[in-house]
Amino acid sequence: MIYLFLLISLITLTGCEQRPLERQYTEMVIEAPKAGMPAMTDPHAGMGISVPGAMMPVANTTDLTWTLPQGWMEGAAGGMRVATLHLKNAPKDIEVSVVVLDGMAGGLEANLSRWLGQIQLPAGENDLKKLIAEAQSVRTQDQFEAKIYDLTVLTKDSNAASMIVAVISVNSKTVFVKMTGSKNNCRQQKDNFLELVRSISAP
């Protein structure tokens, strides 16, 4: 009984000596973006750092010019595109996009694989080597080299989606001219496509 009384007294004294816990608060102030300054959602935005899988910044294209082939028309640009081109009488037969990016924008083989994926055309390493080895070379109006990658050679069905792409290195920039449509339509318009590429001027 004496031990029980001593134990209860000890617990009571210990509880009386405890001090209440001190709580510390830190005030955080988050400033709203200043007027005219958009919020930065990409940690690399504006820093010139390449983010894997992301498109590179669009280059200055104010001086880029070309001559439309006969029977072609120019549609509205938008997004990454400098221009979108179609046939006047059959605008849905083909679509030609013109895009200008800084640098090589991902590398040749990676771009070829991505373009093949866009037309749902499975291709192995040998197919990529074939496209690169057999790429036609033409010169633009300013004598820049344009490599032509004809994906129709890998398309078996004449009505299946296919593509022909011109890649032009202009100083530190790359111009991509991409024609998509069925295999038949792309092949029928290939000469006009090459005419367009040769007419490009990027002073």
Side-chain angles (χ1 to χ4, degrees), residues 36-69 72-88 91-121 123 128 131-132 135 138 140-142 144-152 154-155 161-182 185-186 189-190 192-203:
M37 296 182 63
M40 301 290 283
T41 56
D42 182 353
H44 301 292
M47 297 175 62
I49 299 174
S50 175
V51 181
M55 298 300 289
M56 300 291 285
V58 178
N60 182 2
T61 58
T62 54
D63 295 329
L64 190 68
T65 62
W66 55 82
T67 301
L68 284 176
W72 286 32
M73 67 177 184
E74 187 170 335
M80 304 293 291
R81 298 185 180 192
V82 176
T84 301
L85 313 176
H86 297 280
L87 299 178
K88 287 182 179 179
K92 293 185 179 180
D93 280 3
I94 61 164
E95 180 178 280
V96 179
S97 62
V98 181
V99 174
V100 182
L101 303 176
D102 286 329
M104 186 52 201
L108 179 57
E109 290 192 9
N111 282 326
L112 286 172
S113 296
R114 180 168 54 83
W115 296 329
L116 288 165
Q118 288 175 356
I119 58 175
Q120 299 180 349
L121 185 63
L128 294 180
L131 288 172
I132 295 171
V138 301
T140 68
Q141 183 174 319
D142 301 317
F144 290 108
E145 184 182 28
K147 285 288 189 178
I148 311 299
Y149 300 96
D150 189 346
L151 277 60
T152 65
L154 301 179
T155 308
S162 197
M163 186 183 300
I164 301 176
V165 184
V167 180
I168 313 166
S169 294
V170 181
N171 300 323
S172 61
K173 300 174 179 62
T174 303
V175 180
F176 296 91
V177 186
K178 183 171 67 174
M179 176 170 65
T180 56
S182 68
N185 290 338
C186 285
Q189 293 298 322
K190 184 173 181 178
N192 284 332
F193 178 80
L194 294 177
E195 177 187 334
L196 171 71
V197 172
R198 291 190 181 99
S199 75
I200 289 177
S201 177

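Counting begins at 1 with the first residue of the sequence.
Asp142 CG to Arg198 CZ: the interatomic distance, rounded to the nearest 0.5 Å, is 15.0 Å. Note: Glu145 CD to Thr140 OG1 = 10.0 Å, rounded to the nearest 0.5 Å. To the nearest 0.5 Å, the span separating CG on Leu131 from CG on Leu108 amounts to 9.0 Å. Here the straight-line distance linking atom CD of Glu74 with atom CG of Leu85 works out to 5.5 Å at 0.5 Å rounding. Atom NZ in Lys147 sits 10.5 Å away from atom OG in Ser169 (nearest 0.5 Å).
For the side-chain hydrogen bond (donor to acceptor under 3.5 Å, both in side chains) test, residues two or more places apart in sequence or in another chain that qualify with Thr155 are Ser162. Judged as a salt bridge (charged side-chain N to carboxylate O under 4.0 Å, His left out), and not counting sequence neighbours, Lys178 has no contacts. Taking the side-chain hydrogen bond (donor to acceptor under 3.5 Å, both in side chains) definition, one finds that Glu109 meets it with nothing, sequence neighbours left out. For Ser113, the side-chain contact (heavy atoms from CB on, under 4.5 Å) criterion is met by Leu128, not counting sequence neighbours. Remark: Thr84 pairs with Arg81 by the side-chain hydrogen bond (donor to acceptor under 3.5 Å, both in side chains) rule, at least two apart or across chains. Ser182 pairs by the side-chain hydrogen bond (donor to acceptor under 3.5 Å, both in side chains) definition with Asn185, not counting sequence neighbours.
When all heavy atoms are compared, the tightest approach of Cys186 to Met179 is O-CE, 3.3 Å. Nearest heavy atoms, Glu195 versus Pro69: OE2-CA, 3.8 Å. Of all non-hydrogen atoms in Phe176 and Trp115, the two that sit nearest each other are CD2-CZ2, 3.7 Å. Nearest approach of Ala202 to Leu64, heavy atoms of both residues: CB-CD1, 3.7 Å. The two residues Ser199 and Thr67 make their nearest non-hydrogen contact at OG-N, 2.9 Å. Nearest heavy-atom pair, Tyr149 versus Ile132, reported as atom, atom and distance to 0.1 Å: CE2-CA, 4.1 Å.
Counting heavy atoms from C-beta outward, Thr174 and Val100 have side chains that stay 4.5 Å or more apart. A 4.5 Å side-chain heavy-atom check between Val82 and Val99 finds every atom pair outside the cut-off.
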- Ile164 and Ile148: side-chain contact (heavy atoms from CB on, under 4.5 Å), yes or no, with the steps? CA-CA 7 Å; Ile164 301 176; Ile148 311 299; 3.8 Å; yes

- Could you give me the CA-CA distance, side-chain angles and deciding distance for Lys173 and Leu101, then say whether side-chain contact (heavy atoms from CB on, under 4.5 Å) is met? CA-CA 6 Å; Lys173 300 174 179 62; Leu101 303 176; over 6 Å; no

- Item | Asn111 and Val165: CA distance, side-chain angles, deciding distance, side-chain contact (heavy atoms from CB on, under 4.5 Å) verdict | CA-CA 10 Å; Asn111 282 326; Val165 184; over 6 Å; no

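Side-chain N/O atoms of Asp150 and Thr152 include a donor and acceptor closer than 3.5 Å. Side-chain atoms of Gln141 and Trp66 form no donor-acceptor pair, as typed in the model, at a separation below 3.5 Å.
Between the side chain of His86 and the backbone N or O of Ile94 there is at least one donor-acceptor pair closer than 3.5 Å.
When each of Val138, Ile168, Val175, Ile200 is checked for a side-chain contact (heavy atoms from CB on, under 4.5 Å) with Phe144, only Ile168 meets the rule.
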